[in-house]
J.: 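Structure provided below as C-alpha cells; questions to follow.
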Amino acid sequence: MRIALGIEYAGWNYAGFQRQNTARTVQGELEQALSSIAAQPVSLVCAGRTDAGVNATGQVVHFDVTNDRPDRAWVMGTNTKLPPDIAVTWACHVDESFHARFSARARRYRYILQASQHRPGILQAGVSHYRGEYDVAAMHQAAQILRGEHDFASFCGADDESRSTNRLLHFIEVSRHGPYIVFDIAANAFLNHMVRNIVGSLLMVGSGERTAAWLQEVFVACDRNVAGPTAYPNGLYLVDVTYPASFNLPRREYLGPLWLD
C-alpha cells in the first residue's frame with residue numbers, strides 16, 4: 001500500500017533533503033523514523049529535493065509498505081521518532097497512481113529576506129540577511145519578465161541533471177513586510193538553485209546596481225555566468241505542492257508568521 005505524508009522541517013541542520021551516506025539529511029531522518037513505525041525498511045520519494053539549509057512547510061512524500069498503520073499512527077507515531085526540527089503534518093492512504101514527484105502540478109517557494117543593518121537574532125536561521133536598501137516595486141516589476149514557459153538556463157545551478165531547462169513559471173511576486181522582503185514564486189517544477197539564482201539577480205535590480213533591461217538580457221542569454229549571485233539558502237521555504245483534486249490529499253494551512261501565511 002502507498003502512503004502520502006505532509007512534512008515540514010527546518011533545513012539548517014541538514015545537508016539537504018536527499019539521503020546521503022556521509023551526512024545527516026531530512027530523508028535519512030524520516031526513513032529511519034518511518035521504518036521503526038512500519039517495522040520494515042521504508043524508502044521515500046519526495047515532491048522536491050531541497051538543498052542544504054533550505055526549509056519546508058509544505059513538502060510531500062510517499063512510500064510503499066506491506067504493514068499498514070492508521071493515518072494517525074503515521075503522523076503521531078513517526079513524530080515521536082523524529083528530531084524536533086522535522087515533523088509529519090498529515091498522512092493519507094493513496095492508490096499506486098499517486099507519485100509525490102511526478103503527480104505534482106506545481107511547486108511554490110517563498111524566499112524571506114531581512115533587509116537591515118543589523119543581523120537577525122531570533123530568526124537568524126529562518127531568514128537571509130542583506131544590508132542596504134532595496135526597491136521592492138522595481139524588483140516586482142522586473143520579475144514579471146520571467147512569467148510563462150521559458151528556458152531558465154541562466155538561473156540553473158551547475159549540478160542540475162535535468163534533460164531540459166525549460167520550465168513554466170506560474171507567478172512571481174515581491175512584497176515588503178516591515179524589514180522583510182518576500183519573494184513568492186510558483187512553477188510546474190524548478191531547476192537546481194533556480195529560486196535562489198532568480199532572487200540573487202533581482203536583488204541586483206533592487207539595489208540599483210542593474211536594471212530590468214539587464215535582467216531581460218540575462219534571461220534570454222541562457223547563460224548562468226551572466227546572472228547574479230546565488231542568494232543564501234536559509235531564507236528559502238518550500239511552502240506548497242499542488243496535486244490533482246482527484247487524489248483528495250489534505251490541505252494544511254500554515255499558521256506561521258505573516259510572510260508564510
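Scope of the values below: all heavy atoms of this structure, side chains included, with no hydrogens, waters or symmetry mates.
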J.: Less than 3.5 Å apart, any donor N or O on the side chain of Gln114 or Ser116 sitting next to an acceptor on the other?
T.: yes
J.: Is Gln141 atom CD crowded by more than 12 heavy atoms from other residues, nucleotides or ligands, each under 6.0 Å away?
T.: no
J.: I need the full list of salt bridge (Lys or Arg N to Asp or Glu O under 4.0 Å) pairs touching residues 162-172, with sequence neighbours left out, sorted by first then second residue.
T.: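 Residue pairs passing salt bridge (Lys or Arg N to Asp or Glu O under 4.0 Å), neighbours aside: none found.
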J.: Angle class for the Phe152/His150 ring planes (parallel below 30°, perpendicular above 60°, tilted otherwise)?
T.: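 Rings of Phe152 and His150: perpendicular, as their planes differ by over 60°.
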J.: Applying the 4.5 Å side-chain criterion to the ILVMFWY set and letting contacts propagate, would Leu82 and Leu44 be lumped into a single cluster?
T.: yes
J.: How about Thr50 and Tyr9: does a side-chain donor come under 3.5 Å of a side-chain acceptor?
T.: yes
J.: So, His62 side chain and Ala4 main chain: donor-acceptor pair closer than 3.5 Å or not?
T.: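 No, the answer is negative, given that no donor and acceptor are paired below the 3.5 Å cut-off.
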J.: Do side-chain atoms of Gln117 reach the backbone of Arg131 as a donor and acceptor pair under 3.5 angstrom?
T.: no
J.: With sequence neighbours excluded, give me every side chain to side chain donor-acceptor pair (under 3.5 Å) pair touching residues 69-83.
T.: Asp71-His93
J.: I need the full list of side chain to side chain donor-acceptor pair (under 3.5 Å) pairs touching residues 224-235, with sequence neighbours left out, sorted by first then second residue.
T.: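 Output for this query lists Asn197-Arg224, Asn197-Thr230, Asp223-Asn225, Arg224-Thr230.
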J.: Look at atom CZ of Arg147 and say whether more than 12 heavy atoms of other residues, nucleotides or ligands are closer to it than 6.0 Å.
T.: no
J.: Applying a strict under-4.5 Å side-chain criterion to I, L, V, M, F, W and Y, I'd like to know whether Ile37 and Met76 cluster together.
T.: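 Yes: a chain of side-chain contacts under 4.5 Å links Ile37 to Met76.
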J.: Under the 3.5 angstrom rule, does the side chain of Asn55 hit a backbone N or O of Tyr237 as a donor-acceptor pair?
T.: no
J.: Mind checking what makes ring-ring contact (aromatic ring centres under 6.0 Å, His included) contact with Phe247, not counting sequence neighbours?
T.: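 Phe247 satisfies ring-ring contact (aromatic ring centres under 6.0 Å, His included) with Phe98 only.
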J.: Hey, is the main chain of Tyr111 close enough, under 3.5 Å, to the side chain of Arg196 for a donor-acceptor pair?
T.: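 Flag not set: sc Arg196 to bb Tyr111 has no pair under 3.5 Å.
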J.: When clusters are formed by joining ILVMFWY residues with side-chain heavy atoms under 4.5 Å apart, either directly or through shared neighbours, do Val75 and Val65 land in the same one?
T.: yes
J.: Return yes if some donor-acceptor pair links the side-chain N/O of Thr211 with the main-chain N/O of Trp214 below 3.5 Å, else return no.
T.: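 Checking the backbone N and O of Trp214 against the side chain of Thr211, a donor-acceptor pair under 3.5 Å is found.
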J.: Looking at Gln144 and Ile172, would you say the former's side chain and the latter's main chain have a donor-acceptor pair under 3.5 Å?
T.: yes
J.: Kindly write out the residues that satisfy ring-ring contact (aromatic ring centres under 6.0 Å, His included) with Tyr14, not counting sequence neighbours, or none if the list is empty.
T.: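 Expected list: none.
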J.: Only pairs at least two apart or in different chains count here, so list each side chain to side chain donor-acceptor pair (under 3.5 Å) that has a residue in residues 97-107.
T.: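 For residues 97-107: Asp95-Ser97.
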J.: Return yes if some donor-acceptor pair links the side-chain N/O of Gln27 with the main-chain N/O of Arg19 below 3.5 Å, else return no.
T.: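 Yes, Gln27 side chain to Arg19 backbone: donor-acceptor pair under 3.5 Å.
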